[in-house]
Amino acid sequence: MDQHAHRHDARAARSHGTVDVEHGATADTRSRAPQRATRPAGRAGMAERAKHIPATVALPIVTALAFGLFTIFRTHTDGTKGGPAMLYGLAAFVVSGALGLVVAHFQSSMITETRALVYGALFGCSMGWVYSLGGESILKSSAFGFTMGAVMFVAALYIFRTHRVREPHGIHRPHKAHRPHPGDRSHGLPVATH
């Protein structure tokens, strides 16, 4: 028998370590696992689970899927058919998806300019690589990737600066001009040191 339950005139149940509450003993509610509601099966269950996927996971995966399909299209139009084109698309999906998840996970700890730079670098490198799959020279692919990365940097910086109310490290909006206190007579003039 449970010594704690015996000491307080309660009878300990012999199964599963629970305490019989008929004599005033209280069961330890912390030891019980919370009861989960059963989830519906099939499409209704999938729709229910999809509501709980955060945007920091869903958006990089969807974007990586679109990028993988674009890679398949780009390699297929260059003349690579069938399996190799699918492997390029799968590699693009996995790598860009993993990097996108890392960026999305750590973006809340970055300042605005760094976050825009990371998005621009990821987009520029990805687009430069896909452009090179079409048989273009390395210099031309690099210039294309750099241009696309710069465009993404500017677009991301614009979005982060204008569409966010609170940034991770404070609000990045123009500040009001500092006004001296009413009792302050210096008005910001230099003080004589002699």
Side-chain angles (χ1 to χ4, degrees), residues 36 39-40 42-178:
R36 292 186 181 183
R39 293 183 180 173
R43 288 183 186 228
M46 188 181 301
E48 180 68 27
R49 286 185 295 276
K51 290 179 184 176
H52 301 292
I53 298 174
T56 56
V57 173
L59 289 176
I61 297 298
V62 170
T63 306
L65 181 63
F67 181 67
L69 293 174
F70 177 67
T71 304
I72 293 172
F73 170 76
R74 180 77 174 144
T75 55
H76 187 74
T77 56
D78 183 47
T80 306
K81 306 288 185 210
M86 295 294 271
L87 287 176
Y88 275 119
L90 180 65
F93 167 70
V94 169
V95 171
S96 66
L99 291 175
L101 286 171
V102 168
V103 170
H105 178 74
F106 289 108
Q107 76 176 349
S108 62
S109 65
M110 296 181 206
I111 60 174
T112 305
E113 292 79 11
T114 306
R115 189 171 14 152
L117 186 64
V118 168
Y119 276 104
L122 179 62
F123 186 73
C125 290
S126 299
M127 296 313 282
W129 177 70
V130 170
Y131 192 72
S132 73
L133 291 177
E136 304 297 333
S137 68
I138 293 175
L139 183 62
K140 195 172 184 180
S141 300
S142 299
F144 182 75
F146 183 76
T147 303
M148 296 305 289
V151 168
M152 177 56 105
F153 171 74
V154 170
L157 191 62
Y158 172 77
I159 289 170
F160 295 151
R161 286 289 182 120
T162 59
H163 291 83
R164 295 282 301 238
V165 176
R166 185 184 180 285
E167 292 294 330
H169 302 284
I171 299 175
H172 293 279
R173 302 275 190 263
H175 299 288
K176 295 179 183 175
H178 177 70

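Sequence positions, counted from 1, serve as the residue numbers for this chain. Fair warning: this is a prediction, and the values are worked out from it, not measured in the lab.
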What closest approach, in Å, do [X] and [Y] show between heavy atoms, and which atom pair accounts for it?
X      : Y      : value
Val130 : Phe70  : CG1-CE2, 3.3 Å
Thr56  : Leu101 : O-CD2, 3.8 Å
Ala92  : Trp129 : CB-CZ3, 3.8 Å
Pro60  : Ala104 : CG-CB, 3.8 Å

inquiry  = If you count every heavy atom of other residues, nucleotides or ligands that lies below 6.0 Å from Tyr88 atom OH, does the total exceed 12?
reply    =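 Not more than 12 within 6.0 Å, no.
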ask   = Does CZ belonging to Phe146 count more than 12 external heavy atoms closer than 6.0 Å?
value =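 Incorrect, the count does not exceed 12.
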query = Yes or no on side-chain contact (heavy atoms from CB on, under 4.5 Å) for Phe123 and Val151, after CA distance, side-chain angles and deciding distance?
reply = CA-CA 9 Å; Phe123 186 73; Val151 168; over 6 Å; no
Are [X] and [Y] close enough that some pair of their side-chain heavy atoms sits under 4.5 Å apart?
X      : Y      : result
Arg74  : Tyr131 : yes
Thr71  : Leu133 : yes
Val102 : His105 : no
Tyr119 : Met110 : no
Met148 : Phe144 : yes

Rounded to the nearest 0.5 Å, what's the gap from [atom1] on [X] to [atom2] on [Y]? Could you check?
X      : Y      : atom1 : atom2 : answer
Ile72  : Phe67  : CD1   : CZ    : 11.0 Å
Arg115 : Ser108 : CZ    : OG    : 8.0 Å
Met86  : His76  : CE    : NE2   : 11.0 Å
Asp78  : Glu136 : CG    : CD    : 8.5 Å
Thr112 : Gln107 : OG1   : CD    : 10.5 Å
Phe93  : Ile61  : CZ    : CD1   : 5.0 Å

Ser137 backbone acceptor or donor facing Ser141 side chain under 3.5 Å =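 Confirmed, Ser141 side chain pairs with Ser137 backbone.
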